[in-house]
Amino acid sequence: MKIAIASGKGGTGKTTVSTNLASLLAESEDVVLTDLDVEEPNSGLFISGDKIHEEDKFKMIPKWKKDECILCGNCQKVCNFNAVMKLGKMIMVFPELCHGCYACSELCPTKSLPMIPKKMGELQHFKSGNLDFIESKLIIGEEQAVPLIKQTLDYVDENFPERIIKIFDAPPGTSCPVIEATKDADLILLVTEPTPFGLHDLILAIDTMRELKKDMGVIINRFGIGDTNVEKYCEENNIQIIAKIPNMRKIAEIYSDGNLLYPKISEVKVQLENIISFISEYQQENAL
Amino acid sequence: MKEIVIISGKGGTGKTSITASFAYLGGKEVIVADCDVDAADMHLLMQPDRRESEDFYSGVLAEINQEKCIKCGKCAEVCRWDAIPVIDNKYVVQSLDCEGCGYCALVCPTDAISMNEQNVGNWHISNIKTGTKMVHAKLGVGADNSGKLVAKVKNEAKALAEKEGKEILIVDGSPGIGCPVVSSLSGASYVVLVTEPSVSGIHDLKRVYELVKKFGIRAGCIINKADININKSNEIHSFVKKENINLICEIPYDEDFTKAMTQGKTIVEFDNGKIKQILDESWEKIKKI
Ligand code: SF4
Ligand code: SF4
């Protein structure tokens, strides 16, 4: 079963929920936690384990071989992303802009633009007890997160059987990286704050997940601060609130040191248990 | 004209609340741009009237005209994103998977594939409560190309600042290190990095600063919730010192930020004490840079 932890806005506690939930679940069963926020992966700061595997991740980009190039300029014409250009007697490739569609390469009449791998990030795999933790990190300067997210998801699919619970810490927002990170998930848990910013971004996230026809539940973090509009909204729109993690300065302090919350704060553990029962009910209902 | 971009790498550091405070303090002297188009929240504090609004088109998606399609399958063969599966005996483009490269349209023997521009959101120029204008946008649900929308918002804001003879442009930047933040940063005169003293705050500060360095932009740092973890605050101190980043200010943990927000106010309108003083002084510093 695949569960994506997402949020419209960053900093609402997505990573807190993912890491604490995965760790608590792993006390009694096998769990895979994957950090798909490849631009700013943070889950690893809260999880310790032995590194059992690491690999570089590549995207494919064209490389110009000038010998047989007849400078027809077809490559420039076919590229929709302005990633290859004919400049005087040269063909220039702009790797950051390239989406790796192969059009320029395969349509080149003289095969002068073979595709070569370019490193875009790193994947690491850690293990600690029942918990497998996978994290990918995008190289700084690399602008596209989606290819790395996709390859990370492939790694998880290849290495773990379907029935295991897989938790994905999704990137924030509602644009392309989030879609990539959530489109294969069975269930989406949206983490929000009971504030005007939280509500505004939650609505965007809910709309996005509706578009993807996803089942979802809401987790309110820092419950007690702000106002009650998030609860009202969820009620009116028939979206279940499955947990309310209290607002406590102590939580911010424990989090700031990179520690898990539930071993120290029982109120958090109770809320995580609510999430876990929601998940098992969902699993039973949907025979996952 | 000076372009001040406020970013944070990590979300939830109070970046938007702080940016809105500077916008408030800048009053009529500044133009405001909300480049966090993915989670555009500035408007909740600035009360824009959305006077002018325009659709934003960017990027293309493939569409197959079933009447012309002879089911040769060439398009599906070349598509690197497996975006053209056969459904009910028809080749159909899955718009969520389509990358918009157009390779399929190039190889289609019957010209059955058209590449159509996508409406990815809209952008506005609004009058806001501080007596100036703000450029902001709303990204369509699940839309691609937020980087391009960010660039659009920025360029419009710049043009507006020039037209109205404003000296300063305040930009609420995007999170992460990918294309939207790259678009937010390009052309900036000064970057304000908002962070918090936590393992993740520091981690993301370092990553986003590496990007700032690539652009060669001067930077200052604001530590929000500074008293949550003194050790981590000290770690940030040594980092900014080593990197020659000016430490603009430290703001204590204060739930008034949230209280102000629930009333649609910036913290400097809400609080008359210490936080206001800190932000007042910070704005004076930033303005002079
Ligand atoms: S592979 Fe595609 S995106 Fe990359 S340069 Fe060639 S045509 Fe452009
Ligand atoms: S435009 Fe590119 S990504 Fe989209 S369907 Fe065609 S080949 Fe696939």
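Letters go in sequence order (proteins before strands), and every chain restarts at 1. Keep in mind it's a predicted model, so treat the numbers as computed, not measured.
Checked by atom type, the side-chain pair D204(B)/N42(A) shows a donor-acceptor distance below 3.5 Å. Between the side chains of S200(B) and Y255(A), at least one donor N or O lies within less than 3.5 Å of an accepting N or O.
A145(A) does not touch chain B: none of its heavy atoms, backbone or side chain, sits under 4.5 Å away. Only the side chain of K138(B) comes within less than 4.5 Å of a heavy atom of chain A; its backbone N, CA, C and O stay farther away. With a 4.5 angstrom heavy-atom cutoff, V78(A) touches chain B via backbone and side-chain atoms both. Heavy atoms of I177(B) lying under 4.5 Å from chain A belong to its backbone as well as its side chain. L202(A) does not touch chain B: none of its heavy atoms, backbone or side chain, sits under 4.5 Å away. Of the atoms belonging to I228(B), heavy atoms from both backbone and side chain fall under 4.5 Å from chain A. Using a 4.5 Å cut-off between heavy atoms, N247(A) contacts chain B through its side chain alone, with no backbone atom that close. Heavy-atom distances place the side chain of E211(A), and not its backbone, under 4.5 Å from chain B. Within the 4.5 angstrom heavy-atom criterion, only side-chain atoms of L45(B), from C-beta onward, approach chain A. Using a 4.5 Å cut-off between heavy atoms, V38(A) touches chain B through its backbone atoms (N, CA, C, O) alone. Residue contact with chain A, scored on non-hydrogen atoms closer than 4.5 Å, involves the side chain of T258(B) exclusively.
No other option in D227(A), D257(A), L199(A) has as many heavy-atom pairs under 4.5 Å with chain B as D257(A). Looking only at heavy-atom pairs under 4.5 Å with chain B, the residue among T195(A), I140(A), L45(A), L138(A) that has the most is I140(A). Highest contact tally toward chain B, considering only G100(A), P172(A), P194(A), C104(A), is held by G100(A) [criterion: heavy-atom pairs under 4.5 Å]. Between chain B and the options G8(A), G13(A), P41(A), heavy-atom pairs under 4.5 Å are most frequent for P41(A). Each of G176(B), G264(B), A40(B) has some count of heavy-atom pairs under 4.5 Å with chain A, and the biggest count is that of G176(B). When each of I225(A), D207(A), T12(A) is scored by its heavy-atom pairs under 4.5 Å with chain B, the top score falls to I225(A).
Residues that satisfy the side-chain contact (heavy atoms from CB on, under 4.5 Å) test with S17(B), not counting sequence neighbours, are F197(A), F257(B), M261(B). In terms of the ring pair (Phe, Tyr, Trp, His ring centres under 6.0 Å) criterion, residue partners of F81(A) (sequence neighbours excluded) are, by chain and number, H99(A).
Checked against a 6.0 Å centroid threshold, the rings of H43(B) and H200(A) count as neighbours.
At a threshold of 4.0 Å, the pair K129(B)-E269(B) counts as salt-bridged, since one of the basic side-chain nitrogens sits closer than that to a carboxylate oxygen. One finds no salt bridge joining K57(A) and D154(A) here, because no Lys/Arg side-chain nitrogen approaches an Asp/Glu carboxylate oxygen to under 4.0 Å. Comment: R249(A) engages D227(B) in a salt bridge, judged by a side-chain N to carboxylate O separation of less than 4.0 angstrom. Using a 4.0 Å cut-off between a side-chain N of Lys or Arg and a carboxylate O of Asp or Glu, D256(B) and K259(B) qualify as a salt bridge.
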Set out, in order, the CA-CA distance, both residues' side-chain angles and the distance that settles salt bridge (Lys or Arg N to Asp or Glu O under 4.0 Å) for E106(A) and R80(B), then state yes or no. CA-CA 12 Å; E106(A) 293 175 356; R80(B) 288 277 151 185; 3.1 Å; yes
Any chance you could lay out the side chain to side chain contact (heavy atoms under 4.5 Å, CB included) test for S174(B) and S184(B), step after step, and finish with the verdict? CA-CA 7 Å; S174(B) 337; S184(B) 304; 2.8 Å; yes
